[in-house]
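Here is the structure we will look at.
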Amino acid sequence: MIASPSPVNVLVGSMGSTAAQNLVHALRADASHAWRVVGGDLQRRHGGLGLADLDVGLPSGTNAVHYVECVASYAQEHESRVFIPVMEPELRAAATHRGVLEGKGLRVLVSDPECIEICASKRKLAQAFRDAGLDAPAPRTAQGPYPVFARPDCGSGSRDALLVTDRDALERLGRPDSVLTEVIEGPELSVDGFASHGGQIGQLIARTRDEVRGGLAVRSRVVEVPAEIPSGLEKLCARLRVEGFFNVQCRLVPGRGPVFFDFNPRLGGAMSLSFAAGLQAPELLLAWLGDAAWPGPAVPRVGMELYRRWHNVIIDAP
């Protein structure tokens, strides 16, 4: 009788987020390996309760030292091999103190601190796109020409991003730190992927963003990755030293090609579609850990669609 392989123990942060839940669902669907998941979150009650094998509380990542101490303690107690932070500011804490955690024998799936800082700034990220040979929206000033697109320099989920039609509207906005760019039109595309050490890309899946609510795609469809994207994206990931799951967003502008405007060095909220369509999360994690060979390029299930339906978690009275 052949013994079944030992479970792969992982600690996942921000279990209340859709992004973390997507990954755990993907690991649960792996028929070849057993995954034992400890899920941590700041909230005692959250939408991901019960999805992990064990739910634990984590402090806010804003107190990086305390956060890292708690992660290390849980990892040691539950023999976790890898920690996967998901949302800010835990990404910053894990990246900054990665050496401390890995000194205790815990692998941390996170990009370099500089990468996280660049991706958090719309100004810095736009320059990083251009340095990698990728097109980005042209910058604008208060002088125009109008209309312009205004976004906070630091922000996520398309919050407070809006079209500004003239100088008076910009002044009424009262946000002198806004990043102003040209307005770009065209179908919106997300590309989900995984980068190994030094930014080398393992797999890519592209999907449309047909309907977006609060920055999260709630209706999406898998398409072929445009031929002009992979080489520039690999150059970007290498320059930024991206490591782990990532998501990049662009618009396909007729006569111009893909114009990139956002990059998230972490799991994404609609990445469940990419996992179902060929982004092999368990195989990629095992290869990153050194337990398996790197899988070949993703073979996307083109035409597969996501229609998001929210669910309720009901907890009985004690």
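For the numbers below, each heavy atom of this structure counts, side chains included, while hydrogens, waters and symmetry mates do not.
Sequence neighbours left out, the pairs with a member in residues 212-254 that pass ring-ring contact (aromatic ring centres under 6.0 Å, His included) are F194-F245, F245-F275, F246-F263.
Judged purely by atom type and a 3.5 angstrom limit, S178 uses its side chain to pair as donor or acceptor with the backbone of R175. Of the possible donor and acceptor atoms, none in the side chain of S121 sits under 3.5 Å from a partner among the backbone N and O of I118. Of the possible donor and acceptor atoms, none in the side chain of D41 sits under 3.5 Å from a partner among the backbone N and O of G13. S14 contributes no side-chain N or O that, together with a main-chain N or O of S17, makes up a donor-acceptor pair within less than 3.5 Å. Using modelled atom types, no side-chain atom of D112 and backbone atom of C115 make a donor-acceptor pair closer than 3.5 Å. A distance-only check finds no donor-acceptor pair linking the side chain of E79 to the backbone of A75 [under 3.5 Å].
Ionic pairing of K122 and D153 is not present here: no N-O contact between side-chain nitrogen and carboxylate oxygen is shorter than 4.0 angstrom. Taking the charged nitrogens against the carboxylate oxygens, E182 and R256 do have a contact shorter than 4.0 Å, which makes a salt bridge. Of the charged side-chain nitrogens involved, at least one lies within less than 4.0 Å of a carboxylate oxygen, so that E117 and R92 count as a salt-bridged pair. At a threshold of 4.0 Å, the pair D53-R28 counts as salt-bridged, since one of the basic side-chain nitrogens sits closer than that to a carboxylate oxygen.
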Quiz prompt | Step-by-step side chain to side chain contact (heavy atoms under 4.5 Å, CB included) determination, V242 to E234 | solution = CA-CA 10 Å; V242 178; E234 181 135 340; over 6 Å; no
Exercise. Mind running side chain to side chain contact (heavy atoms under 4.5 Å, CB included) on R308 and L216 for me, showing each step along the way?
Key: CA-CA 10 Å; R308 183 170 301 281; L216 179 65; 3.8 Å; yes
Self-check item: Worked check of side chain to side chain contact (heavy atoms under 4.5 Å, CB included) between R209 and S190
Solution: CA-CA 7 Å; R209 286 165 59 86; S190 275; 3.0 Å; yes
Exercise. Show the numbers, then the answer: is there a side chain to side chain contact (heavy atoms under 4.5 Å, CB included) between E188 and T208?
Key: CA-CA 6 Å; E188 193 171 343; T208 60; over 6 Å; no
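Contact annotation: the side chain of L267 never approaches that of N22 to less than 4.5 Å [non-hydrogen atoms, C-beta and beyond]. Side-chain contact between F261 and D135 is absent, with no heavy atoms from C-beta onward closer than 4.5 Å. Taking the side chain as every heavy atom from C-beta outward, H25 and L27 never approach each other to under 4.5 Å. Counting heavy atoms from C-beta outward, V86 and L91 have side chains that stay 4.5 Å or more apart. Under the 4.5 Å side-chain criterion, counting only non-hydrogen atoms from C-beta, H46 is in contact with D55. The side-chain heavy atoms of L54 and V56, taken from C-beta on, include a pair separated by under 4.5 Å. With a 4.5 Å cut-off on side-chain heavy atoms, V10 and R36 do not count as touching. When side chains are defined from C-beta on, F149 does not count as touching P137, because their heavy atoms never get closer than 4.5 Å.
Both V82 and V12 sit in one connected hydrophobic cluster of ILVMFWY residues. Membership requires side-chain heavy atoms under 4.5 Å apart, directly or through other members. No continuous path of hydrophobic side-chain contacts links I229 to I184 [ILVMFWY only; heavy atoms under 4.5 Å]. Using a 4.5 Å cut-off between side-chain heavy atoms of Ile, Leu, Val, Met, Phe, Trp and Tyr, with links allowed through other members, L101 and L11 fall into the same hydrophobic cluster. Residues V248 and V223 share a single hydrophobic cluster, defined by chaining ILVMFWY side chains whose heavy atoms lie under 4.5 Å apart. Follow the hydrophobic side-chain contacts under 4.5 Å out from L162 and you reach L180 in the same cluster.
Legend: residues meeting ring pair (Phe, Tyr, Trp, His ring centres under 6.0 Å) with Y74, ordered by chain and number and at least two apart, are absent. Considering only residues two or more places apart in sequence or on other chains, D291 meets the salt bridge (charged side-chain N to carboxylate O under 4.0 Å, His left out) condition with R81. Residues forming a salt bridge (charged side-chain N to carboxylate O under 4.0 Å, His left out) with R301 (at least two apart in sequence, or on another chain): none.
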Taking distance alone, no hydrogens or angles, what donor-acceptor pairs closer than 3.5 Å link side-chain atoms of residues 61-69 to residues at least two apart or in another chain?
residue	atom	partner	partner atom	Å
T62	OG1	S60	OG	2.8
N63	OD1	H66	N	3.3
Y67	OH	E90	OE1	2.2

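Residues near V302 contribute nothing to a hydrophobic cluster around it, because no ILVMFWY side-chain heavy atom sits closer than 4.5 Å to its side chain.
When every heavy atom of V222 is checked against every heavy atom of P300, the shortest pair comes out as CG1-CB, 4.0 Å. For R130 against P139, the heavy-atom pair with the smallest separation is NH2-CD, 3.4 Å. The minimum heavy-atom distance between P258 and C250, with the atom names listed, is CB-SG, 4.0 Å. When all heavy atoms of C70 and L58 are compared, the closest pair comes out as CB-CD2, 4.2 Å. Counting all heavy atoms, side chain and backbone alike, A26 lies closest to P282 at O-CG, 3.7 Å. A pairwise comparison of heavy atoms in A287 and A293 identifies CB-O, 3.7 Å as the closest pair.
Remark: E224 CD to I205 CD1 distance equals 9.0 Å, nearest 0.5 Å. Once rounded to the nearest 0.5 Å, the distance linking CG of L306 with CD of E211 reads 10.5 Å. Separating the CD1 atom in I84 from the CZ atom in R266 is a distance of 14.0 Å, to the nearest 0.5 Å. Between L189 atom CG and R251 atom CZ the span is 11.0 Å, to the nearest 0.5 Å. Taken to the nearest 0.5 Å, the CD atom of Q249 stands 11.0 Å off from the CZ atom of F260. Atom CZ of residue R107 and atom CG of residue L285 lie 10.5 Å apart, to the nearest 0.5 angstrom.
Between the side chains of E243 and W288, at least one donor-acceptor pair of N or O atoms lies under 3.5 Å. When only modelled atom types and interatomic distance are considered, Q203 and Q280 share a side-chain donor-acceptor pair under 3.5 Å. A donor-acceptor pair shorter than 3.5 Å cannot be found between the side chains of N9 and S80.
Within a 6.0 Å sphere centred on CD of E228, heavy atoms belonging to other residues, nucleotides or ligands number more than 12. Shown here is R219, whose CZ atom has more than 12 heavy atoms of other residues, nucleotides or ligands within 6.0 Å.
Partner of F83 under the side-chain contact (heavy atoms from CB on, under 4.5 Å) criterion, chosen from V108, V110, L109: V108.
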